[in-house]
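Notes follow once the structure below has been shown.
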Amino acid sequence: MANRRTVIAGNWKMNFTPAQATAFIEEIKPMVAGKDNCDIIFCAPYVTIDAAQKAAAGSNIKIGAENVHFAKSGAYTGEVSAEMLRAIGVEYVIIGHSERRQYFGETDATVNARTKAALEAGMKVILCLGEVKEERLSGITREVVSMQTKLDLAGVSAEQMANVIIAYEPVWAIGTGLTATPEQADETCGQIREVLAEIYGAEVAEATTIQYGGSMNDKNAAELLAKQHVDGGLIGGASLVAAKFTAIVDAAQ
Ligand code: 13P
């Protein structure tokens, strides 16, 4: 077993008002208290971060953001900079989620720029990548995740990789109830690790946490997390239900 930190992260997406976030964190806080074999993070909508942080204060729950812009400041209406997130104590940020790529025009180039900006600001990045259904059916998953890994991490140093978590999220498994089999998840996470070894060497590749995301839930988490290359989960739907998310944390213990 490699000595990698297990990270169980929730991606709330566009869910939870500040009051709902407070109630959720208050509910789950005692349920996950003392469970420290994994890092527990919830990534929240910008306007909900403050309430979630206040509710999580003093607990083992960290609150992150769901995106960050690549510029330090300027005329980018609707965007939020890494400096702004750091100023309110946010350490973790999701970048490159497939919903950003699908609906908001994110490309590997913008994902790369956002990643570098976040790392330069001292943040920890959860970098999402993964193939769409047609790519898996065409047998080019390996090529797709390899290309995304290389493009998204271009210019990121081996040293900075200590602050990068990769989330392998097959797009066909997100929000669909379809989950990659543990074997598929392990195989593709392993392929991503091989690409990391190519770029950064074996030591960095072995140390990098690679999560699986895509309909991970209380029922399938244990099998997925048992796999050699699956070092955690990035969880959408099940991160909105305290009992389900806690069961995933338990599966990681
Ligand atoms: P679901 O768990 O709802 O499939 O979402 C996964 C995801 O996109 C996490 O970022």
Side-chain angles (χ1 to χ4, degrees), residues 6-16 20-21 24 28 38-46 48-49 52 61-68 90 92-104 106 108 110-111 114-115 118 123-133 135-136 141 144-145 148-149 152 164-182 184-185 188-189 192 209-225 227 230-252:
T6 301
V7 181
I8 303 295
N11 174 8
W12 284 348
K13 308 192 180 184
M14 199 170 74
N15 293 290
F16 285 171
Q20 289 168 329
F24 176 85
I28 200 167
C38 64
D39 289 338
I40 300 172
I41 306 162
F42 289 103
C43 294
Y46 292 130
T48 296
I49 289 174
I61 297 171
K62 299 188 177 94
I63 306 299
E66 297 178 13
N67 197 13
V68 65
V90 174
Y92 289 89
V93 61
I94 294 172
I95 295 178
H97 192 277
S98 67
E99 286 147 18
R100 301 289 322 165
R101 297 180 192 248
Q102 265 184 303
Y103 308 135
F104 303 102
E106 291 276 354
D108 287 309
T110 59
V111 170
R114 290 179 200 264
T115 299
M123 299 188 76
K124 293 185 164 66
V125 172
I126 300 176
L127 171 64
C128 301
L129 50 91
E131 81 287 2
V132 300
K133 187 173 165 194
E135 292 164 341
R136 175 149 296 262
T141 296
V144 170
V145 298
Q148 288 177 328
T149 303
D152 297 351
V164 175
I165 293 165
I166 293 185
Y168 165 56
E169 297 209 313
V171 180
W172 49 271
I174 294 175
T176 58
L178 290 174
T179 316
T181 64
Q184 285 173 326
T188 310
C189 289
I192 294 168
T209 293
I210 304 181
Q211 300 172 312
Y212 167 78
S215 301
M216 188 186 270
N217 59 37
D218 47 327
K219 306 280 187 300
N220 58 29
E223 268 194 309
L224 288 159
L225 294 169
K227 289 294 178 187
V230 179
D231 311 316
L234 184 57
I235 296 117
S239 77
L240 301 169
V241 182
K244 289 187 182 178
F245 190 86
T246 302
I248 299 172
V249 169
D250 287 338

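Keep in mind that this is a model prediction, so the values were computed, not measured. Atoms within a ligand are numbered from 1 in the order they appear, just like the ligands themselves.
In this structure, Glu106 contributes its side chain and Gly96 its backbone to no donor-acceptor pair below 3.5 Å. Put simply, the side chain of Asp218 never gets that close to the backbone of Ala238: no donor and acceptor are under 3.5 Å apart.
Of the N or O atoms in Gly175, one or more lie within a sub-3.5 Å distance of an N or O in ligand 1. Below 3.5 Å of separation, one finds no N or O of Ile174 facing any N or O of ligand 1. Not a single N or O atom of Glu99, backbone or side chain, sits closer than 3.5 Å to an N or O atom of ligand 1.
The protein non-hydrogen atom at the shortest distance from atom 8 (O) of ligand 1 is His97 NE2, 2.7 Å. What sits closest to atom 6 (C) of ligand 1 on the protein, heavy atoms only, is Gly236 N, 3.7 Å. Protein heavy atom at the shortest distance from atom 7 (C) of ligand 1 is Glu169 OE2, 3.2 Å. Among all non-hydrogen protein atoms, the one lying nearest atom 3 (O) of ligand 1 is Gly237 N, 2.8 Å.
Remark: distances from the non-hydrogen atoms of Gly214 to ligand 1 include one below 4.0 Å.
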side-chain contact (heavy atoms from CB on, under 4.5 Å) evaluation trace for Val230 with Tyr168: CA-CA 9 Å; Val230 179; Tyr168 165 56; over 6 Å; no
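Within a 6.0 Å radius of CD in Glu223, no more than 12 heavy atoms belonging to other residues, nucleotides or ligands are found.
Nearest approach of Leu234 to Gly10, heavy atoms of both residues: CD1-C, 4.5 Å.
Of the N and O atoms on the side chains of His97 and Glu169, at least one donor lies less than 3.5 Å from an acceptor on the other residue.
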